[in-house]
> 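Got a structure for you, questions after.
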Amino acid sequence: MQHIAVIGAGTMGNGIAHVFAQNGHKVNLIDISEDSLAKGLTTITKNLDRMLAKEKITKSDKTTTLNNISTFTILREGVANVDLVVEAASENLTVKLSIFKELDAICDENTILATNTSSISITQIAAATNRPQKVIGMHFMNPVPIMQLVEIIRGYSTSDETTQQIMKLSTELGKTPTEVNDYPGFVANRILMPMINEAIETLYNGVAGVSEIDTVMKLGMAHPMGPLQLADFIGLDVCLSILNVMHDGFKNPKYAPCPLLVNMVMAKKLGVKSGEGFYDYSESRKAEKVSAQFS
């Protein structure tokens, strides 16, 4: 699989495009917005510059990686003659179903269709196509160029051949693919999101403050980042979306999002992306200053 299309030039999409391009694949990066594509390429360039400064790549590697990426705003043009499509658009079921239905109609019958969804059912997405055996989940972790794990999620009808191809491809990217089955939240978020939600509940119930909760988990559990800081990094809207998917899927109250999380998302306090969440990022992207609401 040499020619890859990536749908979505946001945080995950540009990271996925970066990794494929750096490993010698021709990448078509697709987004409906020219501005998003430009920002995505800028992010990739900055990340390559950091790697160059740390002597992890050469100037030639940087040039080759950028030359391997082409941008498109028209889906049909971007997915023409590709071996694999990786969808990294909004974590919204309606949007994904629409994209996959269109991909099925315009892509070659041999093209594998993958989604970077962090929680939505692969089986449900595959049902929007006539090739469910060629639909699979590739859940990359953020930041994609650094994190080693790729959760490989098999839908109900995903074939052994498709799974083996994607496992092999992920390994060739320098990642560690881990195969899981298709249940809400898969493995990573089924375990991570209840922990984050419980940390928010702990804050909501007045047990401890923001920095205190994160300090306990960092120093007591050897986590590199506290759960509230991590929630800000992921995006509180994304956390809420994943918890809602699991709550709807399992019908278990333990996955119900904390009211504080719901209110913060409604107030557009989404974390790093909005400049404020549990921490204030107006002066620094590092979680150094607790948000005034929790001070």
Side-chain angles (χ1 to χ4, degrees), residues 6 8 10-16 18-20 86-93 96 114-126 135-156 158 162-163 166-167 169-171 173-201 214 217-218 221-250 252 254-258 261 265 270-273 277-278:
V6 178
T11 300
M12 296 306 295
N14 71 61
I16 294 167
H18 173 164
V19 169
F20 274 110
V86 182
E87 173 272 323
S90 172
E91 189 72 353
N92 179 291
L93 177 61
K96 290 187 187 299
T115 174
N116 183 59
T117 181
S118 54
S119 60
I120 296 172
S121 168
I122 307 304
T123 302
Q124 189 172 8
I125 292 172
V135 177
I136 195 165
M138 289 185 80
H139 180 206
F140 289 86
M141 304 293 135
N142 183 29
V144 180
I146 296 173
M147 300 295 281
Q148 292 298 302
L149 176 67
V150 183
E151 253 187 328
I152 306 299
I153 306 104
R154 295 184 65 141
Y156 187 84
T158 306
T162 295
T163 303
I166 296 303
M167 293 284 284
L169 177 63
S170 300
T171 300
L173 294 176
K175 303 299 185 184
T176 302
T178 303
E179 182 182 336
V180 305
N181 290 318
D182 186 22
Y183 292 95
F186 315 133
V187 171
N189 283 316
R190 183 169 180 172
I191 295 170
L192 175 63
M193 286 302 153
M195 183 191 75
I196 287 176
N197 198 44
E198 194 62 33
I200 300 171
E201 286 278 3
D214 279 352
M217 296 305 292
K218 286 190 288 185
M221 312 303 165
H223 290 192
M225 189 181 294
L228 300 177
Q229 180 186 358
L230 181 55
D232 276 355
F233 180 73
I234 294 168
L236 301 192
D237 53 338
V238 176
C239 293
L240 178 60
S241 174
I242 295 169
L243 283 165
N244 281 333
V245 167
M246 293 195 295
H247 190 221
D248 290 344
F250 289 118
N252 189 323
K254 76 177 182 179
Y255 298 112
C258 176
L261 174 61
V265 172
L270 308 180
V272 176
K273 70 173 77 175
F278 295 106

> Suppose we screen for side-chain hydrogen bond (donor to acceptor under 3.5 Å, both in side chains). Which residues come up paired with Lys175, at least two apart in sequence or across chains?
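Lys175 satisfies side-chain hydrogen bond (donor to acceptor under 3.5 Å, both in side chains) with no residue once adjacent residues are dropped.
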> Please identify each residue that fulfils side-chain hydrogen bond (donor to acceptor under 3.5 Å, both in side chains) with Glu151, with sequence neighbours left out.
His139
> Hey, what do you get for CD1 (Ile200) to CG (Leu228), rounding to the nearest 0.5 Å?
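Ile200 atom CD1 to Leu228 atom CG measures 6.5 Å (nearest 0.5 Å).
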> Let me have the donor-acceptor pairs involving side chains of residues 185-198, under 3.5 Å, with sequence neighbours excluded, atom names and distances please.
from   : atom 1 : to     : atom 2 : distance (Å)
Asn189 : ND2    : Ser118 : O      : 2.9
Asn197 : OD1    : Cys258 : N      : 2.9
Asn197 : ND2    : Ala256 : O      : 2.9

> Compile the donor-acceptor pairs under 3.5 Å between side chains in residues 237-247 and protein atoms, sequence neighbours left out, one pair per line.
from   : atom 1 : to     : atom 2 : distance (Å)
Asp237 : OD1    : Lys273 : NZ     : 3.0
Asp237 : OD2    : Lys273 : NZ     : 3.2
Asn244 : ND2    : Leu240 : O      : 3.3

> Quick one: ring pair (Phe, Tyr, Trp, His ring centres under 6.0 Å) partners of Phe20, sequence neighbours excluded?
His25
> Could you measure the distance from the OH atom of Tyr183 to the CD1 atom of Ile153? Nearest 0.5 Å is fine.
13.5 Å
> Under the rule for ring pair (Phe, Tyr, Trp, His ring centres under 6.0 Å), what residues qualify as partners of Tyr255, not counting sequence neighbours?
Phe250
> Do Tyr156 and Ser121 make a side-chain contact, defined as non-hydrogen atoms from C-beta onward lying under 4.5 Å apart?
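SC-SC contact between Tyr156 and Ser121 ruled out.
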> Quick check for you: to the nearest 0.5 Å, what is the distance between Leu236 atom CG and Phe278 atom CZ?
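So the gap between those two atoms works out to 5.5 Å.
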> Please list all pairs passing the salt bridge (charged side-chain N to carboxylate O under 4.0 Å, His left out) test where one or both residues lie in residues 176-185, with sequence neighbours left out.
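Checked against salt bridge (charged side-chain N to carboxylate O under 4.0 Å, His left out) - neighbours excluded - the pairs reaching residues 176-185 are Arg154-Glu179.
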> With sequence neighbours left out, write down each residue that passes side-chain hydrogen bond (donor to acceptor under 3.5 Å, both in side chains) with Thr158, or none if nothing qualifies.
none
> Which heavy-atom pair separates Gly174 from Gln148 by the least distance, and what is that distance?
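So the minimum-distance heavy-atom pair works out to O-OE1, 2.7 Å.
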> OG1 of Thr115 to CD1 of Ile125: how many Å apart, nearest 0.5 Å?
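Thr115 OG1 to Ile125 CD1: 4.0 Å, rounded to 0.5 Å.
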> Looking at residues at least two apart in the chain, or sitting in another chain, which of them share a side-chain contact (heavy atoms from CB on, under 4.5 Å) with Ser170?
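Only Met138, Val150, Ile152, Ile166, Pro177 meet the side-chain contact (heavy atoms from CB on, under 4.5 Å) criterion with Ser170.
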> With sequence neighbours left out, write down each residue that passes side-chain contact (heavy atoms from CB on, under 4.5 Å) with Leu149, or none if nothing qualifies.
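With neighbours one apart ignored, the set is Met141, Thr178.
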> Quick one: side-chain hydrogen bond (donor to acceptor under 3.5 Å, both in side chains) partners of Asn116, sequence neighbours excluded?
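Counting only residues at least two positions away or on another chain, Asn116 forms no side-chain hydrogen bond (donor to acceptor under 3.5 Å, both in side chains).
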> Write down the atom of Leu261, the atom of Pro257, and the distance for their closest heavy-atom approach.
CD2-CB, 4.2 Å
> To check you understand the geometry: which heavy-atom pair defines the closest contact between Ile136 and Thr163, and what is its length?
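Heavy atoms only, the tightest pair is CD1-CA, 3.8 Å.
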> When Ile16 is tested against each of Leu173, Thr11, Val6 for side-chain contact (heavy atoms from CB on, under 4.5 Å), which residue passes?
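Passing option: Val6.
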> Calculate, to the nearest 0.5 Å, the distance between atoms CG and CE belonging to Asn142 and Met12 respectively.
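Going from the CG atom of Asn142 to the CE atom of Met12 covers 5.5 Å.
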> How long is the gap from NZ on Lys96 to OG1 on Thr117, to the nearest 0.5 Å?
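The distance works out to 5.0 Å.
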